[in-house]
Amino acid sequence: MTIFASFESYRASPVDMRIITSDGQSIAAHSYVLASSSPVLERTIDAARRGWGAECTIRVLGVSADAVHAFIHFLYCSKVTPEEDDVVGAHGAQLLALAHAYRVGWLKRAAEAAVSARLTPDGAVDMLKLARLCDAPRLYLQCARLAAKDFAAVELSEGWRFARRHDAALKVELLKLVEDADQRKKRWAREKAAQEACRQLGEAMTTLEHIFPGSSAAACADNEPCATDGCACRGLQLLMRHFSTCARKTAPGGCARCKRVLQLFRLHASVCDQTDQTCRVPLCRNFKGKTEAEKADKTWRLLVKKVTRAKVMSSLANRNVPEVVAASWSRYNGRATKLR
């Protein structure tokens, strides 16, 4: 391999140790370089040395000779350059195991990132087990996401077939990760739907204030299109007109549309911060007095809190901001969506 040409600069000084690989190859090295790079290697070299200045031999087994060569090379270099990313990717899993076993933190992080970037459904189960054994949370999370995203392809892999026959604990763990991801996705969908409902209620409160403004503002005309961008006052105007003329609102059972209007009036009274003299929304004073006389239940107070927050956030989102701030928000929202 061409990357090991840099070893020649160190071999100007005599080597004092050798590393034996699984296939019997012998790699000459300098003990002071390896000992300064890994505390585990330092203790191993001290235990293997038979006398002061004597050459020692240690064994690095369980991985290929090329992986051991790459591991020693990176210990000599103390970094991974962009030109060597392919080498880390080719031996990523073995380098991760070696870096974890010999406690080389920076190399472990580089190998973990390389394996995570090259993860496929065929190797997801094997890499999940490796991540658990090597304490690699980033790789573990990537495997869990891949399994949740494309579990049908993971089921066709050899690793899944082996886990299903011989490793019940790994099988149960993977199924639990997939189930948790599915539950998390459903929870996010419910939270998004609830946020959208609160946002719409907040816009309805703003529209009510637009239809029934204070004495200093002009009311929205019934038969003319609203001049405010994004205003949905026309639909609420039709609902108010139905409420004023409906004969079923006092009948037994009542009218569903009228009940909806009353709920909007009650919600407005709960979030209204105007005085009784300035607020022109119908029944606002009545519902405020009723709220003060009768303590609202916990569910209603929570709804009022969420609608108030959604109303404030909607007004902040609609304000004019500098282009730099808008671009920053766009990048942040894109990263958040990608992580989900």
Between [Y] and [X], is there a side-chain donor-acceptor contact under 3.5 Å, judged purely by atom types and distance?
X: Arg49; Y: Ser31; answer: yes
X: Thr21; Y: Asp23; answer: yes
X: Gln183; Y: Glu179; answer: no

Subject >> side-chain contact (heavy atoms from CB on, under 4.5 Å) assessment of Lys171 paired with Trp160 >> reply: CA-CA 8 Å; Lys171 173 188 172 182; Trp160 170 255; 3.7 Å; yes
Subject >> Chi angles and distances behind the side-chain contact (heavy atoms from CB on, under 4.5 Å) call for Ile211, Gln237 >> reply: CA-CA 8 Å; Ile211 297 176; Gln237 284 175 347; 4.0 Å; yes
Should [X] and [Y] count as an ion pair when the cut-off is N to O under 4.0 Å?
X: Asp180; Y: Arg184; value: no
X: Glu173; Y: Arg132; value: yes
X: Glu203; Y: Arg199; value: yes

Original post:
Arg118 side chain to Ala114 main-chain N or O, any donor-acceptor pair under 3.5 Å?
Top reply: yes
Original post:
So, the side chain of Arg161 versus the backbone of Leu156: is there a donor-acceptor pair under 3.5 Å, distance only?
Top reply: yes
Original post:
Between Ser37 and Val104, is a side-chain contact (heavy atoms from CB on, under 4.5 Å) present by the stated rule, with each step listed?
Top reply: CA-CA 7 Å; Ser37 302; Val104 186; 5.6 Å; no
Original post:
Does atom CZ of Arg301 have more than 12 heavy-atom neighbours, drawn from other residues, nucleotides or ligands, at distances under 6.0 Å?
Top reply: yes
**OP:** Test side-chain contact (heavy atoms from CB on, under 4.5 Å) on His242 and Cys255 and set out the steps.
**Re:** CA-CA 10 Å; His242 166 83; Cys255 173; 3.3 Å; yes
**OP:** With Val80 as reference, evaluate Leu95, Val87, Val88 under the side-chain contact (heavy atoms from CB on, under 4.5 Å) test and give the passing residue.
**Re:** Val88
Subject >> Qualifying residue, where the test is side-chain contact (heavy atoms from CB on, under 4.5 Å) with Leu267 and the options are Leu262, Leu208, Val307 >> reply: Val307
Original post:
Quick one: is the NZ or CZ of Arg266 closer than 6.0 Å to the six-membered ring centre of Trp300, and within 45° of its axis?
Top reply: yes
